[in-house]
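A quick write-up on the structure given underneath.
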Amino acid sequence: MSPEELNPFVIAQQQCDRAARYLPGLEPGLFEFLKRPDRLVTVEFPIATTSGEVRNFVGYRCLHSRVRGPGKGGIRYHPDVTPDEVRALASWMTWKCSVVDIPFGGAKGGVVCDPKELSDQDLLHITRRYIVELNDSIGPHTDIPAPDVNTNARIMAIVYDTYDAMHPGRNNLGVVTGKPVHVGGSLGRNEATSRGGLVVAQRALERGVLEGSETLEGLTVAIQGFGNVGGIAATLFHEAGARLVALSDSRGGVLSAGGIDPAAAHAHKLETGSLQGMPGCSDCTNDDVLEAECDILIPAALENQLRGDNADRVRARMILELANGPTTPEADRSFQERGIPVVPDILANAGGVTVSYFEWVQNNKNEQWDEEEVNSRLERVMRRAADGVLDKQARINGSLDELDAERTRLGRDVGPLEPVDLRTAAFVVAVDRVAQVSLDRGIWP
Ligand code: NAD
């Protein structure tokens, strides 16, 4: 058997291809245009690091689509950043913004570096030089960055400051989101990705996605990744009545069938730099966390964590993707066969970009909304998006014969249509919306 395809951009394209089978009216040429990124900018620059060396760093910024609005997407600092990873993440942003119906397209950026071996000062220098080199590839109405893996509000403040110095005399706050609140950030943005995931999980349970469990009360949860998204999800799911039975970060994991107190986990990580060694828990590997017996598994770290080679060992009853791209198509197939619903990234983690949109609106209007307003607007958007995807799944699966007949009539590819999982339903919603706007705007043909 050939090894599983793990290139995230190939995977992102395969996910689109699958969705296109359920959109028989979608012109093949339009679909090809929608799948491809508009552009990829590569920059390279030297930094004098605090350790005394001068090193060159490579950074990328991909704009996938601006059909529905300015490009939007985070900046990642990680040694594994590649052009195809950035392309994949940018395209997922296009589909994500479309699923929650906010007026943004998709983009993503990254710098190849290992923050663990760089000082905070080095990261600030890298940020300044990266933004200077990107120049007008980003802008408040063209392409708007945000935080992602290993970047945070402090780094977003530097992005803003650098761009603002290059474009004096106008309100540039909207060039980046996820800023500190006192530098034009939005209340609630830090928690937004995890809070949005919580709302989606609660709505999915209410709608019967997990048989016999209509609320989170008493459900067991395992979380991979304990950074911005996973760490805050731990707190919010615990507050909502779930029991945390497994947690991990890049240094390893911990298990406790009796439940892990997230406040104690945060304190332990702050003190020791790791989750391992927590009193009352047993240390374990990252794989043990992915394979822990639990009701809901939340991958909140990186891509390709659930693959063909480990999916059958996953014992969760449901998966909520707060990371981008954690599940490969082979793993998706395995979960679908076993009746394990996967709430896909482009829906489950869209709370972050939704509050980023609110931040951008506040910046453009010079307003500061209070946290209750941000959270209640977020909840409305996320519930509506979850309902949209669940309704689409039901509608497609209830009309497979009609869709098949339509495909045959239009001479599209042949072969039986299987029932769709939530990912494919979400892609159908997303691709259909972007296609419609491309046609209405006359971008295609
Ligand atoms: P982060 O840098 O704050 O945290 C990443 C966490 O993952 C860290 O705890 C790290 O130790 C852990 N990790 C790394 N490799 C691991 C491994 N092999 N096993 C277990 N843990 C590992 O990043 P973040 O902002 O929390 O982002 C996490 C994921 O969520 C990414 O996929 C990101 O694209 C996605 N996401 C983030 C946001 C956002 O607003 N920050 C929004 C949507 C999606």
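For ligands, and for the atoms within them, numbers begin at 1 and follow the listed sequence.
- Between Ala323 and ligand 1, no N or O atom pair is found at a separation short of 3.5 Å.
- For a threshold of 3.5 Å applied to N or O pairs, the pair formed by Gln305 and ligand 1 contains no separation below that value.
- For atom 8 (C) of ligand 1, the closest non-hydrogen atom of the protein is Gly227 N, 3.8 Å.
- With respect to atom 37 (C) of ligand 1, the closest heavy atom belonging to the protein is Val229 CG2, 3.5 Å.
- Nearest protein heavy-atom neighbour of atom 3 (O) of ligand 1: Asn228 N, 2.8 Å.
- Shown are Phe33, Phe9, Trp95; of these, the ring pair (Phe, Tyr, Trp, His ring centres under 6.0 Å) with His64 is made only by Trp95.
- Taking atom 39 (C) of ligand 1 as the reference point, the nearest protein heavy-atom neighbour is Thr193 OG1, 3.5 Å.
- Residue Lys116 does not touch ligand 1, judged by heavy-atom distances below 4.0 Å.
- Each of the atoms 40 (O) of ligand 1 lies under 4.0 Å from some heavy atom of Arg189.
- For ligand 1, one of its N or O atoms has an N or O atom of Phe226 under 3.5 Å away.
- Using a 4.0 Å cut-off between a side-chain N of Lys or Arg and a carboxylate O of Asp or Glu, Arg383 and Glu206 qualify as a salt bridge.
- Nearest protein neighbour of atom 27 (O) of ligand 1, counting heavy atoms only, is Val149 CG2, 3.7 Å.
- Trp360 meets the ring-ring contact (aromatic ring centres under 6.0 Å, His included) test with Phe104, His141; sequence neighbours excluded.
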Exercise for review: Check the pair Asp143 / Arg61 against salt bridge (Lys or Arg N to Asp or Glu O under 4.0 Å), numbers first and verdict last.
Suggested key: CA-CA 9 Å; Asp143 179 354; Arg61 184 78 191 168; 2.6 Å; yes
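- With no hydrogens or angles considered, a side-chain donor-acceptor pair links Asn363 and Lys179 at under 3.5 Å.
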**Study point:** Derivation and outcome, side-chain contact (heavy atoms from CB on, under 4.5 Å), residues Glu239 and Leu236
**Key:** CA-CA 5 Å; Glu239 285 171 3; Leu236 295 180; 3.8 Å; yes
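- Polar contact check, Asn324 against ligand 1: a nitrogen or oxygen pair lies under 3.5 Å apart.
- The existence of a salt bridge linking Asp101 and Arg68 is confirmed by a sub-4.0 Å separation between a basic side-chain nitrogen and an acidic carboxylate oxygen.
- Residue Ala301 has at least one nitrogen or oxygen atom sitting less than 3.5 Å from a nitrogen or oxygen atom of ligand 1, judged on distance alone.
- For ligand 1, none of its N or O atoms has an N or O atom of Lys96 under 3.5 Å away.
- Within the listing of ligand 1, atoms 30 (O), 35 (C), 36 (N), 44 (C) sit less than 4.0 angstrom from a heavy atom of Leu322.
- Judged purely by distance below 3.5 Å, without hydrogens or angles, the side chains of Asp114 and His78 never pair a donor atom with an acceptor atom.
- Protein heavy atom at the shortest distance from atom 10 (C) of ligand 1 is Ser250 N, 3.9 Å.
- Counting only heavy atoms of the protein, atom 21 (N) of ligand 1 lies nearest to Asp249 C, 3.2 Å.
- Taking every non-hydrogen atom of Ser248 and a distance limit under 4.0 Å, the qualifying atoms of ligand 1 come out as 20 (C).
- Glu321 and Thr327 share a donor-acceptor pair across their side chains, judged by distance under 3.5 Å alone.
- Considering backbone and side-chain N/O of Leu302, none are found under 3.5 Å from N/O of ligand 1.
- Backbone and side-chain nitrogen or oxygen atoms of Asn286 are examined, and one is located within less than 3.5 angstrom of a nitrogen or oxygen of ligand 1.
- Any N or O atom pair closer than 3.5 Å counts here, and Lys269 shares no such pair with ligand 1.
- The backbone of Ala300, and not its side chain, has at least one atom closer than 4.0 Å to an atom of ligand 1 (non-hydrogen atoms only; backbone = N, CA, C, O).
- Polar contact with ligand 1: present for Asn150 (N/O pair, distance under 3.5 Å).
- Between the side chains of Thr49 and Arg55, not a single donor N or O lies within less than 3.5 Å of an accepting N or O.
- With rounding to the nearest 0.5 Å, the separation of CG in Leu275 from CD1 in Ile260 is 8.0 Å.
- Among all protein heavy atoms, the one lying closest to atom 33 (C) of ligand 1 is Asp148 OD1, 3.2 Å.
- Inter-residue side-chain proximity for Leu320 and Leu297 is flagged as unmet; no heavy-atom pair is nearer than 4.5 Å.
- Contact between Arg76 and ligand 1 is present, with at least one heavy atom of the residue lying under 4.0 Å from the ligand.
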